[in-house]
Structure formats: C-alpha cells, structure tokens
Amino acid sequence: MNAFKLWYHKLGSPPYFYVFAGYIQPWLWTIAIVLALLGLYGGLVLAPPDALQGDAFRIIFVHVPAAWMSLFVYGVMAVSAFIAVIWRPKMAEVLAMESAPIGAAFTLIALITGSLWGKPMWGTYWTWDARLTSELVLFFIYLGIIGLYHAFDDPRQGARAASFLAMIGAVNLPIVHYSVVWWNTLHQGTTVRYFGPSSIAPSMLWPLLLMTIAAKFYYGASLMGRSRVALLDRERGKDWVADEVRGGDVHG
Amino acid sequence: MRPLRRRRIILVALILGAVALATSAMVYGLSQNMNYLFTPSQVLAGKAHAYRSFRLGGMVVDGSIKHDQHSLLVDFSVTDGDHTMPVQYTGILPDLFRANQAVIATGRLRDGVFVASEVLAKHDATYMPRELKQAMAQAHLKHHIALPAAEAAP
C-alpha cells in the first residue's frame, strides 16, 4: 500500500479526519478571505463599468461564482454519495450530507442575485425560462436531500437514503449547464470558456476567477467545520469524542 | 470486489441508467415542443398558431422605434435576419432596450401586428469596458466589417 492510499484510508477514520479537518480549516478560511477581498476589490473598484450595463453588471462577481458553486458542490456531493452507497464508509456519508446545505445556500444566492440583476436588465425578476427553472429545481433537490436525511432517526440510514436521492438528482446538472444551449432562453449563453476565448474583457475576468477560487476555498472551510460538528454528534458515545471534549484541546 | 458490493454497483448503475435514459428522452421531447420564444420566421411559418399568447424574440430593427408623443405607446419591429415583424407595446421599456438589441416580447398576434403585454431585453454573454467597445467599433468601421448587432448599439 503506497503512502497516498494509506493516507486516504486513514482519512476515513473519524478521529483522524477530525484532527486533520481542524488543522486545515484555518488555512482554507485564510485563503478564501484573502482571495475574496482581492476579487471584490478588483471587481467593484478596479474593473471598468460594462459598456451596455454600466455598473449594474458588477453583480456578476457574486452571481456567477455562486451559480458555478451550486453545480460544483452538487458534483462533489453526488460522488461522495455514490461512494457512500456502494462502499458505505462513514466519512463519505458525512461529507455528502454536510455538502448539501452549503450547496443549497449557493443555489439560493445565485437565484436571488440573478433575480436582482434581471429586474433592471431584462425587465423582470423572474421568468420561467429553462435556465432559471432548472436552477430552481436544483434548489428543490437540495432541500429534498436535506429533508430526507433528517427524516430518519438513524443518521446512517438517513444518509444512505438521501445519498440515493443525490445520485438520481445529478441528472439535473447537465440540464442546468446546457439549458442555454438546448433551448431558446432569456438567460444569455456561456461567457467564460475553458476552451477558446472568453467573451469578457481581461480586466473583468480576473476578479471573477479570483471570486470563483475564493468560493471553492470557502466551501472547503465550511465543509471541514460542518463535518467536525457532525462527527462529534454521530460518534458521541465513542472514547475519542469524550477525550476530545474533556481534554479541552481546541482545534480551529 | 466482494459480491455484495458488486451487486450494489450493478443495482445503482441500472437505476441511474434508467433515470438518465428517461431524462434524456424527456429533454429530447421538450426540445422539440418547449420553446421559450418564437422568432418572426417561425411565427410567419405558422408555428405559433396553436398559441393564443406566446413570446416573440428578435433584434429591434434600427430606426423602427416610434414613441407616441402623448402616451407610453411604442411601435417597433423585430427581426431574426430573415423576416421582420411589427410590434406594439404600451408601458415602460427595460434599460437595455435599444436598436439592434435582442428583445423578447410576450403578447398575441392581432391583424399581423404583435401586440405585446411585456417586453424583456435579452443581453448577450459579452462584457467589456466602454473604451474597448468604441475602439473595436472604430476598427470594424475602418476595415468595413459589418457590426455585430450587440456592438452596434450607441
């Protein structure tokens, strides 16, 4: 067994993960906050106003990272859910279930900022076009997963049921992403492309990318914190939790 | 891999495959029937006949905007490049509404004129500073390149 595989297996053990998460969480927070401050300064102060939309386009620096994260978090959750259903390690269940509220929050932010942006530019807060509707469906799927998880008395049973729902709900991800391609929508198409040129000026692109990376680190930090609390709750009868609580050794 | 896990994987794969298949069939079906909007060509070809009220999408034709002096009534035409259609609307237009801007109007057809109850402006996926846009417009003029619609706006 090589070193990486050994480390991976160690991470699956709750006490080890608890300490590891406590160790990396402050670092993730620091990187997230620094990148977000830089990104916000670049986006709200340094970036020039858009030729058509003026200063109103600046909501892009919150809206687009949140919308991307709503899909990214779901992806991570669906993969952990798959692992949780097949191999049943506790940690995969915890990571999948603790990702759901974070993803739901990002989805809600994307929906709200999008609607605030839509009113001045499009002329309406809400319209039932394919992108907006599929993103709303994504929000409801998140809520369904959270609800199903908490509907069981046994968290392991609840996590398995909710993981199944998370995997099935993943069919919505390509629909959200390609909705602006497959259908005529009010929502515009893709601006930032991985391949080929992006249709956004470089002075506006770099703050957007910084905000995106900051959001990823925030997700990491938040997931670590939530998972530690969930582990203490799930393993409350175990010796290591008693040691951790009595020892007063505070991590992060 | 233990048989139990293999059974779980096969079960999960079968269920996910069925769900994915059902969803793609649905998406494919909807892509034929579900349209947020019709273009003037589609309307003139009779595609929107089945709907009393529908959405019409296209570019506002340059020079076609006529504001009424005493009311909020505004007349303009939208085009998809092939066909043009007159639109009538009473109300406040969104900020982005201007010539050569893509708009989506909701309403119904009355004697060949689309009477809109709501006009939304669609914006494209480009973001650029004003200076860059002017520079690009000048370069296009210099080299006699036809202006893409979104860049031709004032």
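All of these numbers come straight from a predicted model, not from anything done at the bench. Values below: every heavy atom of this structure, side chains too, minus hydrogens, waters and symmetry copies. Naming: A, B, ... by sequence-line order, numbering from 1 per chain.
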Could you check which of A:Ala170, A:Pro202, A:Ala47, A:Pro48 has the highest count of heavy-atom pairs closer than 4.5 Å to chain B? A:Pro48
More than 12 foreign heavy atoms under 6.0 Å from CZ of A:Phe139: is that the case here? yes
Residue set satisfying ring-ring contact (aromatic ring centres under 6.0 Å, His included) with A:Phe61, at least two apart, ordered chain then number -> A:Phe57
Is A:Ile175 close to B:Val27 at the side-chain level, that is, under 4.5 Å between some pair of heavy atoms? yes
Inter-residue atom distance A:Leu52.CG - B:Gln101.CD, 0.5 Å rounding: 6.0 Å
What part of B:Val119 gets closer than 4.5 Å to chain A, counting heavy atoms only: side chain, backbone, both or neither? backbone
Closest contact, heavy atoms only, B:Arg8 versus A:Arg88: NE-NH2, 3.3 Å
Contact class of A:Met121 relative to chain B, heavy atoms under 4.5 angstrom: both
Can you name the residues of residues 80-96 of chain B that have some heavy atom under 4.5 Å away from a heavy atom in chain A? B:Pro94, B:Asp95, B:Leu96
Could you check which of A:Ile200, A:Val171, A:Leu186, A:Ile168 has the highest count of heavy-atom pairs closer than 4.5 Å to chain B? A:Leu186
Between CD on residue B:Glu118 and OG1 on residue A:Thr124, distance to nearest 0.5 Å: 5.5 Å
Under 4.5 Å between any side-chain heavy atoms of A:Thr127 and B:Arg55, yes or no? yes
Taking all atoms of both residues into account, what is the closest heavy-atom pair of B:Pro129 and A:Met204, and its distance? N-CE, 3.6 Å
Applying side chain to side chain contact (heavy atoms under 4.5 Å, CB included), run through A:Trp87 and B:Arg5 and close with a yes or a no. CA-CA 7 Å; A:Trp87 290 276; B:Arg5 286 179 185 163; 3.6 Å; yes
A:Ile60, part contacting chain B, at a heavy-atom distance under 4.5 Å: side chain
Does A:Phe152 have more than 12 heavy atoms from other residues, nucleotides or ligands lying within 6.0 Å of its CZ? yes
For side chain to side chain contact (heavy atoms under 4.5 Å, CB included), just list the numbers for A:Gln188 and B:Thr126, CA-CA rounded to whole Å, side-chain angles, deciding distance to a tenth of an Å, and then say yes or no. CA-CA 9 Å; A:Gln188 68 278 14; B:Thr126 44; over 6 Å; no
Can you list everything that forms a ring-ring contact (aromatic ring centres under 6.0 Å, His included) with A:Phe72? Sequence neighbours excluded, please. none
Once you round to the nearest 0.5 Å, how far does CG of A:Asp129 lie from CG of B:Leu37? 9.5 Å
Residues from residues 11-23 of chain B approaching chain A under 4.5 Å (heavy atoms): B:Val12, B:Ile15, B:Leu16, B:Val19, B:Ala20, B:Thr23
With a 4.5 angstrom heavy-atom cut-off, is it the side chain or the backbone of A:Thr190 that approaches chain B, or both, or neither? backbone
